[in-house]
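Sharing a structure, written as structure tokens. Questions coming.
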There are 2 protein chains.
Amino acid sequence: MRIEDEIKQPIFRDEHQKGHINLVYTAGWLQLRQATAFKPYGLTLPQFNILRILRGQHPLPATVALLIDRMLDKTSNASRIVDRLEEKQLVTRTVCPANRRAVDIRITAAGLDLLSRIEQDGIIDVSGLRHLSATEVQQLNALLDKIRTED
Amino acid sequence: MRIEDEIKQPIFRDEHQKGHINLVYTAGWLQLRQATAFKPYGLTLPQFNILRILRGQHPLPATVALLIDRMLDKTSNASRIVDRLEEKQLVTRTVCPANRRAVDIRITAAGLDLLSRIEQDGIIDVSGLRHLSATEVQQLNALLDKIRTED
DNA sequence: CAACATTAAATGTATGTACATAAATTTGCA
DNA sequence: TGCAAATTTATGTACATACATTTAATGTTG
């Protein structure tokens, strides 16, 4: 459906404004679909993303600073997302012996199990962009990178 | 900067996954810039968007249902965003006489003033997509609409 | 008309986002 | 050594998101 119809706004100031709104709307649409897919597993999207970063490090630990560095949303509060994962025993937190300011965060066996279960159920592999061809995805990536050009 | 460098992830499963992450990341980037621009006026992005919908209706009132219909994020809680605007006396809430279940929401003179002040300061007219040409914006809109194709 | 369903908004609860501040530890340097 | 600065994480507060439930008013139907 065209963005005009999705939000029932027939006229935009210009195509640039329409593109801006379309971009934000589409990203929200994708994230809501993903969040819905993870709900049966008791995970939110940020929790899932952090679990995946931790699996990428495994068996090495990650610090909060490393998580923030890798997260899509740098301003979110990694400490509290790790809180939730720790309550569910999907990760462990131990003071880093080498630097006692830092905290070593590790994914547990239960966390690894949960991730493979989600993947076996085909939750991740279904791309949200499956309606785009390879060429179209490349165009999209180029346009998005261009949008973020700093002056 | 390329998305690979922004989130320090050199390899993606495929271009589709990269496009997905790029899309979500870029939308967040745009929204953070906008939110920062509105901060000096004491408005959040959802508050600003609701004020604009109300100005579009003015001098007619809007109901909460109408706001939800027009909002980008349908699942957000319009009642509470209106709470904040009412506290700041930028909108009024009165029970709709014709249907006492509904609530008539109207933008106040102060609300209209604030919007024009923001516009006079050029906050809105600076498009977040200014690095794209007209052709590129059209391409982007077509790609985004295609992503949201329902099966 | 009474009982029940529907509609409109508000409220409750858990989580996340944005940003400021605090607490603990380490580092660097006079 | 001692002490200020920097680093790392946690905490506090305001607001938003996601979704379930509640409250009140209106519609509907037997």
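Values reported hereafter were calculated over all heavy atoms of this structure, with side chains retained and with hydrogens, waters and symmetry mates removed. Per chain, numbering begins at 1; letters A, B, ... match sequence-line order.
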- Item | Rounded interatomic separation in angstrom, taking CZ from A/Phe38 and C1' from D/dT17 |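 Distance, rounded to whole Å: 18 Å.
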- Message: Looking only at side-chain N and O atoms, does B/Arg106 offer a donor or acceptor that is under 3.5 Å from a partner on B/Thr92?
- Response: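 No pair is found: no donor N or O on one side chain lies under 3.5 Å from an acceptor on the other.
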- Message: Regarding B/Arg52 and B/Glu119, does a basic nitrogen lie under 4.0 Å from an acidic carboxylate oxygen?
- Response: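 Answer for the salt bridge query: no.
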- Query: Any Lys/Arg nitrogen of A/Lys8 or B/Asp69 sitting under 4.0 Å from an Asp/Glu carboxylate oxygen of the other?
  - Reply: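 Salt bridge between A/Lys8 and B/Asp69, a charged N being under 4.0 Å from a carboxylate O: yes.
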- Starting from the 5' end of DNA chain D, give me the residue, A/Ala35 or B/Lys88, whose nearest nucleotide shows up first.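 Checking each residue's closest nucleotide, the 5'-ward one belongs to B/Lys88.
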- Please state how far atom CG in A/Asn49 lies from atom C1' in C/dT17, giving the value in whole angstrom units.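 After rounding, the reported distance stands at 15 Å.
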- Query: When you match A/Asn99 and B/Gly28 each to their closest nucleotide on DNA chain C, which lands nearer the 5' end?
  - Reply: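 Counting from the 5' end, the first nearest nucleotide belongs to B/Gly28.
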- Task: Round to a whole Å and report the spacing from CZ of B/Arg93 to P of D/dA24.
- Result: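 Rounding to the nearest Å, CZ of B/Arg93 and P of D/dA24 are 16 Å apart.
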- Measure the shortest side-chain to side-chain distance between A/Arg55 and A/Leu112 over non-hydrogen atoms and say whether it is less than 4.5 angstrom.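 Yes; the side chains approach each other to less than 4.5 Å.
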- Message: Whole angstroms only, please: what is the CG-C1' distance between A/Asp104 and D/dT8?
- Response: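 Atom-to-atom, A/Asp104 to D/dT8, this comes out as 12 Å.
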- Does C/dA23 have OP1 or OP2 sitting under 4.0 Å from an N or O in the side chain of A/Arg101?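 Answer is no, no contact under 4.0 Å.
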- Item | Phosphate OP1/OP2 of C/dC19: any B/Lys39 side-chain N/O under 4.0 Å |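 For C/dC19, OP1 or OP2 has a side-chain N or O of B/Lys39 closer than 4.0 Å.
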- A/Tyr41 and A/Asp121: side chain donor to acceptor below 3.5 Å: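 Yes, A/Asp121 and A/Tyr41 have a side-chain donor paired with an acceptor closer than 3.5 Å.
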- Any side-chain N or O of B/Gln31 less than 4.0 Å from the OP1 or OP2 oxygen of C/dT17?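 So the side chain of B/Gln31 is outside the cut-off, no N or O lying under 4.0 Å from OP1 or OP2 of C/dT17.
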- Message: Do A/Ser79 and A/Asp83 pair up side chain to side chain, a donor and an acceptor below 3.5 Å, judged on atom types alone?
- Response: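 Distance-only check fails for A/Ser79 and A/Asp83.
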- Task: Identify, residue by residue, the members of residues 68-82 of chain B with a heavy atom below 4.0 Å from DNA chain D, and return them in order of residue number, or none.
- Result: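 Contacts with DNA chain D under 4.0 Å: B/Asp73, B/Thr75, B/Ser76, B/Asn77, B/Arg80, B/Ile81.
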- Query: Out of D/dT8, D/dC19, C/dG16, which nucleotide sits closest to the side chain of A/Gln47?
  - Reply: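 Taking heavy atoms from C-beta onward, the closest nucleotide is C/dG16.
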- Query: Over how many whole Å does the gap from A/Leu32 atom CG to D/dA16 atom C1' extend?
  - Reply: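 Going from CG in A/Leu32 over to C1' in D/dA16 covers 15 Å.
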- Taking CG from A/Asp83 and C1' from D/dG12, how many angstroms apart are they, rounded to a whole number?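 Answer to the nearest Å: 14 Å.
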- Message: Without decimals, in angstroms, what is the distance between A/Leu43 CG and D/dA18 C1'?
- Response: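 For the pair A/Leu43 CG and D/dA18 C1', the rounded distance is 16 Å.
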- Looking only at side-chain N and O atoms, does B/Thr44 come under 4.0 Å of OP1 or OP2 in D/dA16?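 Answer yes for this pair, as a side-chain N or O of B/Thr44 is under 4.0 Å from OP1 or OP2.
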- Nucleotide D/dC15, atom C1' - distance to CD of B/Glu87 in whole Å: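 Rounded to the whole Å, the gap is 11 Å.
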- Message: Run the salt bridge (Lys or Arg N to Asp or Glu O under 4.0 Å) test against B/Glu4 and tell me which residues pass, sequence neighbours left out.
- Response: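 Testing B/Glu4 for salt bridge (Lys or Arg N to Asp or Glu O under 4.0 Å), a comparison that skips the adjacent residues, returns B/Arg2, B/Lys18.
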